[in-house]
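One structure below.
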Amino acid sequence: MNNKKGHKFISMIIPTLNAEHFIGLLIDRIKQQTLPPDEIIVVDSESTDNTVLKCSGIEDVQVVSIKRSEFDHGGTRDMALRASRGNYVLFITQDALPQDEYYIENLLKAFDDSKVAVAYGRQVARPDAAKMERLVREYNYPSESHVRSRQDIPQYGIKTFFCSDVCSAYRRDIYEELGGFEHLLKTNEDMFYAAKAIQHGYKVAYMAKAKVIHSHNFSLREQYQRNYILGIEMEKHRDLLEDVSQDSEGKKMVKYVSKELLKRGHVISFIHFGFDCCARFLGNRAGRKKGNSFFDKQV
């Protein structure tokens, strides 16, 4: 796709599972970028729909099939990255969609700073997103870009390590230097890699102009389960995260969303958000208890 003199080879990796309703439009949007990738690798976990069929035969798209039972948030992405050829390797999830044609160009501007190891973009809520979900996205993905390093831990705490593979980019040489993603992870491979990079003196960049459309309307059960898994992994990796507390950041998010919902007169949404927060809290507490028992066995 790119043949400019001095061009840095760009790879895009898309993990898929039953993505036939998303993948065609997503690949079209990626190919329409002002700085399109040189290769697109779709890693499919035994889709039972037409995902693989839709991807097969598209120029510059390679399909790698794995068993669904073998999918691992860290290990699978690590395998795909090492199979790619890019100086810069991008990840995007099947249900995210670049908002405009400048997404990749804006994301890769982060690497003008040679100490940036990983960059991630802004997630803009879908039109059908619940009001509270829109505000959560606004809180986590603000309109201003920033770059975080080890010196920011006292001010930003756990947010210093925040990163998202919904739309991200990795500098290959630093990735290989640091050993890449940890394997056998249920979630947060992005955040744990970011923490490792920061511990080694590198930086994590948030690029607000690199925008994708992405959000979820989770049920209370889904929210509980999601935070249960998150709690396990966060507790197991508390040393990597330097034992920085998650609680203060969670409280800030709850305060922001609650205040905005009430200010905008969304009382019913405020009540729903209260139940959502309970599901998050209970799931996270149960997960951390489970993760703590694992952690204690290792020390």
Side-chain angles (χ1 to χ4, degrees), residues 1-4 6-17 19 22-24 26-47 51-52 54-67 70-98 103-111 114 116-121 163-185 189-194 196-197 202 204-205 207 210 212:
M1 293 181 188
N2 289 298
N3 297 304
K4 295 180 181 179
H7 167 72
K8 297 295 186 181
F9 201 95
I10 301 169
S11 299
M12 172 71 76
I13 296 170
I14 313 171
T16 58
L17 174 62
F22 307 104
I23 197 65
L26 173 56
I27 291 176
D28 284 345
R29 287 281 182 94
I30 290 171
K31 284 176 168 284
Q32 291 166 8
Q33 293 290 300
T34 56
L35 192 60
D38 298 277
E39 66 175 356
I40 299 172
I41 300 175
V42 172
V43 184
D44 187 74
S45 302
E46 292 186 313
S47 289
T51 299
V52 173
K54 283 195 169 188
C55 295
S56 299
I58 301 178
E59 184 182 3
D60 300 309
V61 175
Q62 174 190 357
V63 179
V64 176
S65 296
I66 64 171
K67 292 183 179 179
E70 294 176 350
F71 178 81
D72 161 26
H73 281 279
T76 299
R77 286 181 170 85
D78 181 63
M79 174 274 293
L81 187 148
R82 293 182 188 278
S84 71
R85 296 173 288 160
N87 305 101
Y88 301 104
V89 183
L90 283 63
F91 289 92
I92 192 166
T93 55
Q94 65 183 38
D95 59 342
L97 195 65
Y103 148 67
I104 294 178
E105 180 180 337
N106 286 327
L107 187 61
L108 293 185
K109 286 179 181 177
F111 298 114
S114 63
V116 169
V118 55
Y120 66 102
C163 186
S164 176
D165 277 340
V166 166
C167 56
S168 60
Y170 292 78
R171 191 194 298 270
R172 187 184 203 90
D173 56 353
I174 297 177
Y175 182 91
E176 292 178 345
E177 174 195 333
L178 298 179
F181 294 126
E182 181 181 338
H183 289 208
L184 301 178
L185 283 174
E189 77 294 333
D190 37 25
M191 186 177 191
F192 300 142
Y193 175 83
K196 181 164 58 173
Y202 293 111
V204 177
M207 306 302 286
V212 298

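For the numbers below, each heavy atom of this structure counts, side chains included, while hydrogens, waters and symmetry mates do not.
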Atom pair [atom1]/[atom2] of [X] and [Y] - distance to nearest 0.5 Å:
{"X": "Thr93", "Y": "Ile13", "atom1": "OG1", "atom2": "CD1", "value": "13.5 Å"}
{"X": "Glu189", "Y": "Asp78", "atom1": "CD", "atom2": "CG", "value": "10.5 Å"}
{"X": "Ser168", "Y": "Tyr193", "atom1": "OG", "atom2": "OH", "value": "10.5 Å"}
{"X": "Ile41", "Y": "Leu90", "atom1": "CD1", "atom2": "CG", "value": "11.5 Å"}

Do you know which two heavy atoms are closest between [X] and [Y], and how far apart they sit?
{"X": "Cys55", "Y": "Val63", "answer": "CB-CG2, 3.6 Å"}
{"X": "Leu107", "Y": "Ala169", "answer": "CD2-CB, 3.7 Å"}
{"X": "Ile40", "Y": "Ile14", "answer": "CG2-CD1, 3.9 Å"}
{"X": "Leu178", "Y": "Ala197", "answer": "CD1-CA, 3.6 Å"}
{"X": "Glu182", "Y": "Leu185", "answer": "O-CD1, 3.5 Å"}
{"X": "Ala96", "Y": "Leu26", "answer": "O-CD1, 3.3 Å"}

Student check: side-chain heavy atoms of [X] and [Y] closer than 4.5 Å:
{"X": "Ile104", "Y": "Pro98", "answer": "no"}
{"X": "Lys8", "Y": "Leu108", "answer": "no"}
{"X": "Tyr202", "Y": "Lys196", "answer": "no"}
{"X": "Met12", "Y": "Ile92", "answer": "yes"}
{"X": "Phe181", "Y": "Asp165", "answer": "yes"}
{"X": "Asp190", "Y": "Tyr120", "answer": "no"}
{"X": "Ile27", "Y": "Lys54", "answer": "no"}
{"X": "Ser11", "Y": "Glu39", "answer": "yes"}

Q. Who passes ring-ring contact (aromatic ring centres under 6.0 Å, His included) against Phe111, sequence neighbours left out?
A. Tyr88
Q: Could you tell me which residues satisfy ring-ring contact (aromatic ring centres under 6.0 Å, His included) with Tyr103, sequence neighbours excluded, listed by chain and number?
A: none
Q. Residues two or more places apart in sequence or in another chain: which of them pass side chain to side chain donor-acceptor pair (under 3.5 Å) with Asp44?
A. Thr16, Ser47
Salt bridge (charged side-chain N to carboxylate O under 4.0 Å, His left out) involving [X] - partner list, sequence neighbours excluded:
{"X": "Asp95", "answer": "none"}
{"X": "Arg172", "answer": "Glu176"}
{"X": "Arg171", "answer": "none"}

Q.
Strictly distance-based, threshold 3.5 Å: is any side-chain N or O of Gln94 a donor or acceptor partner for the main-chain N or O of Leu17?
A. yes
